[in-house]
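Report on one structure; see the data block that follows.
We name chains A, B, ... by the order of the sequence lines, and we start the count at 1 in each one. Any value given below was found using the heavy atoms of this structure, including those in side chains, with hydrogens, waters and symmetry copies removed.
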Amino acid sequence: VGAEGPAQATAKPSGSSAAYETLLVTTEDNITTILLNRPTKKNAITVEMYNEIVKALELAGKDDSVITVLTGSGDFYCSGNDLNNFTKIPDGGIEKMAKDSGELLRGFVKAFIDFPKPLIGVINGPAVGVSVTLLGLFDVVYATERATFHTPFSQLGQSPEGCSSYTFPKMMGTAKAGEMLLFNKKLTANEACQRGLVTEVFPDSSFQTEVRTRLKAYAQLPRNSLALSKQLVRAVDKERLHAANNQEVERLMERWLSEECMNAIMSFFQARARL
Amino acid sequence: VGAEGPAQATAKPSGSSAAYETLLVTTEDNITTILLNRPTKKNAITVEMYNEIVKALELAGKDDSVITVLTGSGDFYCSGNDLNNFTKIPDGGIEKMAKDSGELLRGFVKAFIDFPKPLIGVINGPAVGVSVTLLGLFDVVYATERATFHTPFSQLGQSPEGCSSYTFPKMMGTAKAGEMLLFNKKLTANEACQRGLVTEVFPDSSFQTEVRTRLKAYAQLPRNSLALSKQLVRAVDKERLHAANNQEVERLMERWLSEECMNAIMSFFQARARL
Amino acid sequence: VGAEGPAQATAKPSGSSAAYETLLVTTEDNITTILLNRPTKKNAITVEMYNEIVKALELAGKDDSVITVLTGSGDFYCSGNDLNNFTKIPDGGIEKMAKDSGELLRGFVKAFIDFPKPLIGVINGPAVGVSVTLLGLFDVVYATERATFHTPFSQLGQSPEGCSSYTFPKMMGTAKAGEMLLFNKKLTANEACQRGLVTEVFPDSSFQTEVRTRLKAYAQLPRNSLALSKQLVRAVDKERLHAANNQEVERLMERWLSEECMNAIMSFFQARARL
């Protein structure tokens with residue numbers, strides 16, 4: 001899906017005209033699809049991929065498409081932040097790394113908050129970390145029954161991001177948000193649907209077909225009406241979302257320098273090395 | 001239901017003392033019932049009906065009743081805005097029509113935001129458009145299993161109103177709100193109940209009886225306690241609801257002058273003429 | 001459960017070092033448990049218990065525990081405000097009583113809003129009134145299937161508290177919040193779970209064992225990460241929660257002096273005396 005290449009000739013630059021290392025971006029049937037394309041790494045988000053997603057969203061927001069879709073290549077949707085990002089210490093030391101990582105995350109989440117068209121998540125498999133928390137900023141989320149939703153922040157000595165400190169309690173109440181954001185509860189697709197994180201769950205065998213049919217129908221609707229309606233819904237929350245993003249990033253920049261977090265990440269790599 | 005006529009003699013003017021063309025308003029058992037009474041038109045809301053509902057709510061807010069009920073006559077609850085409202089172009093042209101329609105809608109929704117007593121929706125059949133979005137401003141909503149809930153804004157080149165850009169994401173999360181408000185998903189009564197739009201669903205055969213029993217019990221509760229509790233819950237959101245109403249109306253006034261919307265409404269009438 | 005006594009020697013005063021009349025507070029396995037301990041009175045909250053809970057929360061927030069648990073002794077979780085609190089009229093008359101009760105409640109709810117660590121409710125049986133409304137301020141709530149959730153404010157001529165005028169509509173939508181907060185709907189544990197008030201429901205036979213297993217696992221997670229994540233989630237809402245608490249208390253202080261409320265409380269005691 002989404003790999004059939006550009007289908008529309010447009011005056012403005014289309015998402016499909018850009019070259020990406022970590023993504024495959026295509027536009028057809030009025031739909032721009034951003035495909036996370038590191039399937040052998042479960043689509044873990046590297047620094048490069050953060051920057052490429054921001055760029056792809058910026059172009060998709062301006063191109064001729066009516067709706068934008070984010071999905072993953074292979075069996076995983078996305079395994080979240082690539083922890084190797086934390087192993088490349090720059091000249092400025094880990095303080096510089098924490099600051100740079102914070103600014104990268106802030107801009108990444110901002111691109112989702114400010115995205116001006118309907119944004120649809122097509123969750124083709126397990127989702128972890130920031131790829132889960134960001135779903136609170138999507139307009140529709142379709143998931144295969146194989147998908148799971150996991151935000152193991154405290155396990156890694158970290159704290160929530162992607163505006164989930166605001167969107168999750170708002171969506172599912174604090175008692176269910178706390179279980180996910182504090183205590184690392186992994187949800188099935190159906191549980192995520194009951195909690196409002198997912199719009200609808202499909203059998204894996206018919207997932208891509210059924211979703212594609214709906215997306216094509218949506219992309220035939222009046223484009224301005226859709227974009228303006230989405231912006232209207234977003235406007236109500238925009239200020240609070242930016243505030244949540246900023247607070248989350250500030251907290252994470254502290255966390256990344258904490259002993260708890262360093263120990264947790266070191267344990268992660270030691271456990272992996274032992275395999 | 002609600003057609004048995006006035007049952008209480010009160011010092012203050014009661015809702016039942018006013019004469020309406022499009023409504024039947026009665027007060028008995030401490031319950032004021034506002035019945036949408038254009039059953040042959042599926043209770044579509046004309047300009048006159050907008051004004052009469054505002055008036056009926058104003059009187060119900062001041063009368064001796066303890067709770068106020070809104071319901072529909074016949075098989076439909078309400079088919080939403082009567083699109084014939086858009087065919088009567090005033091002297092000032094369509095700009096004047098858009099402005100007048102916007103002010104009419106703004107005052108109509110405001111009457112629901114500011115309503116000072118418990119307001120209960122008795123959804124006796126399908127509900128469309130503004131009659132659905134307004135439900136986010138009700139204190140309790142009972143529905144027959146025959147009811148459906150449909151907000152086809154983008155199909156008509158329009159955008160959400162009735163504070164739904166605020167209340168729907170708050171109630172059901174953005175992923176489920178987006179499906180309804182952007183992509184015209186029609187809900188069954190049970191789906192609406194799962195999403196928090198409806199309090200409880202009843203079999204059609206016993207709907208009126210079961211609901212009436214509950215309403216009578218509610219209307220025996222301490223009236224000041226109920227009104228003050230409702231106002232307390234509303235106060236938390238009131239400012240944001242008025243802001244949402246204003247933003248929605250501004251957006252719609254632009255939409256009504258757009259080519260997308262005009263084409264969509266023209267298609268609607270052409271399709272109907274062909275039947 | 002929670003009655004095994006202190007298990008940790010700590011430099012700072014631990015919750016377990018204080019003596020309480022109405023509570024049993026213990027710390028073990030990095031978990032401070034506050035046990036409501038008036039089982040013969042269904043753990044109804046007296047003035048003394050309000051003050052002791054505030055004190056216990058203050059100490060638990062500072063002790064070495066990672067998470068804090070609130071639960072009840074015996075078959076009930078908590079029957080809410082002890083109505084005998086209203087029968088001890090001080091020298092200043094009922095105006096003084098209403099003012100004192102309001103300040104007591106304000107500080108009590110404030111202690112939950114400001115609590116700095118993960119707070120987990122273990123609902124071992126029926127919950128009534130303020131013990132229900134406060135659950136919107138917990139991070140996780142586990143309930144036995146025997147639990148029920150009841151907020152009969154209007155029956156007693158009163159109005160909602162515990163920030164429920166804000167948290168309940170946010171969590172479950174106004175249509176379901178109204179049924180509870182205005183019309184005294186008593187929920188089963190499963191209904192409360194569907195509405196987001198409860199995280200998960202367990203069979204009564206395995207309730208304590210299953211919950212204890214989870215709590216022990218949670219208490220092994222990085223403590224700072226947990227506390228800072230909880231504070232991040234709370235920060236988003238803190239100002240609005242304090243505002244809701246203040247408005248609710250103001251309204252209740254008026255209510256307690258109203259004829260409706262006095263009559264309702266008098267009826268309550270007359271009914272009990274007749275038994």
Side-chain angles (χ1 to χ4, degrees), chain B residues 66-67 112-113 117-121 123 134-143 149 163-164 166-173 176-177 192-201 214-215 217-241, chain C residues 133 151-185 187 191 194-196 237 239-265 267:
Chain B
V66 174
I67 60 175
F112 285 86
I113 299 174
K117 296 178 180 179
L119 181 63
I120 299 179
I123 315 303
L134 276 176
L135 295 178
L137 300 173
F138 282 60
D139 300 294
V140 164
V141 177
Y142 291 133
F149 299 84
C163 295
S164 60
Y166 175 66
T167 60
F168 278 33
K170 188 183 167 191
M171 179 197 304
M172 61 184 82
K176 286 187 171 152
C193 188
Q194 280 157 16
R195 294 180 185 204
L197 199 58
V198 164
T199 310
E200 190 173 346
V201 179
R214 297 194 188 205
L215 298 181
Y218 295 167
Q220 299 305 314
L221 291 165
R223 69 175 64 230
N224 295 327
S225 177
L226 282 182
L228 292 167
S229 294
K230 188 255 164 77
Q231 291 164 31
L232 186 62
V233 171
R234 177 55 43 88
V236 177
D237 265 345
K238 205 165 204 177
E239 202 180 332
R240 303 187 93 201
L241 290 170
Chain C
T133 55
T151 50
F153 297 119
S154 65
Q155 259 171 18
L156 292 169
Q158 304 194 24
S159 52
E161 23 67 339
C163 295
S164 60
S165 67
Y166 175 66
T167 60
F168 278 33
K170 187 183 167 190
M171 178 197 305
M172 61 184 82
T174 49
K176 286 186 171 154
E179 195 189 25
M180 289 187 76
L181 297 178
L182 304 182
F183 298 122
N184 313 301
K185 166 84 171 182
L187 301 188
E191 287 169 339
Q194 282 158 14
R195 294 181 185 203
D237 265 346
E239 200 180 332
R240 303 188 93 200
L241 290 171
H242 284 306
N245 184 28
N246 287 334
Q247 283 158 1
E248 288 169 352
V249 166
E250 296 301 317
R251 182 78 12 128
L252 266 175
M253 292 195 294
E254 299 160 13
R255 288 276 80 211
W256 288 327
L257 300 177
S258 71
E259 209 181 342
E260 276 184 358
C261 181
M262 289 187 203
N263 289 341
I265 291 174
S267 298

Side chain, backbone, both or neither of B:Leu197 within contact of chain C (heavy atoms, under 4.5 Å): backbone

Test side-chain contact (heavy atoms from CB on, under 4.5 Å) on B:Leu221 and C:Asn184 and set out the steps. CA-CA 10 Å; B:Leu221 291 165; C:Asn184 313 301; 3.6 Å; yes

Verdict with reasoning, C:Glu179 to B:Arg214, per side-chain contact (heavy atoms from CB on, under 4.5 Å): CA-CA 11 Å; C:Glu179 195 189 25; B:Arg214 297 194 188 205; 4.2 Å; yes

Note: vs chain C, highest number of non-hydrogen pairs under 4.5 angstrom among B:Pro222, B:Ala235, B:Gly196 is B:Pro222

Side chain of C:Lys176, backbone of B:Cys193: donor and acceptor closer than 3.5 Å? yes

When heavy-atom pairs shorter than 4.5 Å are enumerated against chain C, which of B:Arg195, B:Arg223, B:Gln194, B:Met172 gives the highest number? B:Arg223

Closest contact, heavy atoms only, B:Asn224 versus C:Glu260: N-OE2, 2.8 Å

If you round to the nearest 0.5 Å, how far is NZ of C:Lys185 from CD of B:Glu200? 5.0 Å

If every non-hydrogen atom of B:Ser225 is compared with every non-hydrogen atom of C:Phe153, which pair is closest and at what distance? OG-O, 4.2 Å

C:Ser159 and B:Leu228: side-chain contact (heavy atoms from CB on, under 4.5 Å), yes or no, with the steps? CA-CA 7 Å; C:Ser159 52; B:Leu228 292 167; 5.6 Å; no

Under 3.5 Å donor-acceptor, C:Gln247 side chain and B:Leu232 backbone: no

Cut-off 4.5 Å, heavy atoms of chain C, and the answer for B:Phe168 is neither

C:Ala175 backbone acceptor or donor facing B:Thr199 side chain under 3.5 Å: yes

Check: C:Thr174 side chain, B:Asp139 main-chain N or O, donor-acceptor pair, under 3.5 Å: no

Can you find a pair of side-chain heavy atoms, one from C:Pro169 and one from B:Asp237, that are under 4.5 Å apart? no

